[in-house]
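The chains referred to below are lettered A, B, ... by the order of the sequence lines, with proteins before strands, and numbering in each begins at 1.
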Amino acid sequence: KAGVTQTPRYLIKTRGQQVTLSCSPISGHRSVSWYQQTPGQGLQFLFEYFSETQRNKGNFPGRFSGRQFSNSRSEMNVSTLELGDSALYLCASSSVGTAYEQYFGPGTRLTVT
Amino acid sequence: GEDVEQSLFLSVREGDSSVINCTYTDSSSTYLYWYKQEPGAGLQLLTYIFSNMDMKQDQRLTVLLNKKDKHLSLRIADTQTGDSAIYFCAETSGNTGKLIFGQGTTLQVKP
């Protein structure tokens, strides 16, 4: 089975721009969660989607948004980028009901200049 | 609120056992996980334990859970240089995909 894939792997943006990151979960997984990883704050939960609905949301400003499509693929969007948004963005997929084992993709490294 | 704490660094000799410790505050935690992250990579799920278990063994990995003290540990037997990585403890409560992670423990294995 193919693992979680994330595109693009690397991205450089300028302050004020917006960005969209994509995540394709493991086949059959319907839950997708997003995390931000930075050296200062560590791993922080952004949001979780299940069956195209946001089930959980972390403590991030409204500039961070996401969605999930009917095939379970998910996108997250960050608008009006700030320097502090530079981070590794990780997506994880899970088959709900199985101890919520979350399998992570390789991440998208976003650099904001 | 929910919080997970780990020591930041551990150094061991190849062939020794490694023990990585974690404490958490959420008494309603249902599952606790150990993830491994190598440089430039995502997180690899190593193992997890349900909160009503005390111990779980999986090949070289042993997870111990002391629910009373809210203490979790990961023991790696016969540690190899390939085990050098950052290890994260995480917990979740209820039927949710929201994981709360510790800061990560960097494991250095010396030959």
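- Formation of a donor-acceptor pair under 3.5 Å by the Tyr35(A) side chain with backbone atoms of Leu99(B) is found in this model.
- There is no contact between Ser31(A) and chain B, counting heavy-atom distances below 4.5 Å.
- Within 6.0 Å of atom CD1 in Ile12(A), 12 or fewer heavy atoms from other residues, nucleotides or ligands are found, so the atom counts as exposed in its surroundings.
- If you measure heavy-atom distances from Leu88(A) to chain B, the contacts under 4.5 Å come from the side chain alone.
- More than 12 heavy atoms of other residues, nucleotides or ligands sit less than 6.0 Å from atom CG of Asn52(B).
- Counting heavy-atom neighbours within 6.0 Å of Lys57(A) NZ, excluding the residue itself, gives a total above 12.
- Using a 4.5 Å heavy-atom threshold, the side chains of Gln102(A) and Tyr48(B) count as separate.
- For chain A, the nearby parts of Leu43(B) are the backbone and the side chain; heavy atoms of each come within less than 4.5 Å.
- Of the two parts of Gln37(A), only the side chain, counted from C-beta on, holds a non-hydrogen atom closer than 4.5 Å to a non-hydrogen atom of chain B.
- With a 4.5 Å cut-off on non-hydrogen atoms, Gln37(B) touches chain A through its side chain but not through its backbone.
- Phe50(B) does not touch chain A: none of its heavy atoms, backbone or side chain, sits under 4.5 Å away.
- In this structure, Leu32(B) is a member of the same hydrophobic cluster as Met53(B), with clusters built from ILVMFWY side-chain heavy atoms closer than 4.5 Å.
- Within 6.0 Å of atom CZ in Arg15(A), 12 or fewer heavy atoms from other residues, nucleotides or ligands are found, so the atom counts as exposed in its surroundings.
- Cluster membership check: Tyr103(A) does not share its hydrophobic cluster with Leu46(A), using side-chain heavy-atom separations under 4.5 Å among Ile, Leu, Val, Met, Phe, Trp and Tyr.
- For the atom pair CD1 of Ile100(B) and CG of Leu43(A), the computed distance is 10.5 Å after rounding to the nearest 0.5 Å.
- Note: the hydrophobic cluster containing Tyr49(A) does not contain Phe69(A) (ILVMFWY, side chain heavy atoms under 4.5 Å, direct or indirect links).
- Between Phe45(A) and Phe101(B), a ring centre-to-centre spacing not shorter than 6.0 Å is recorded.
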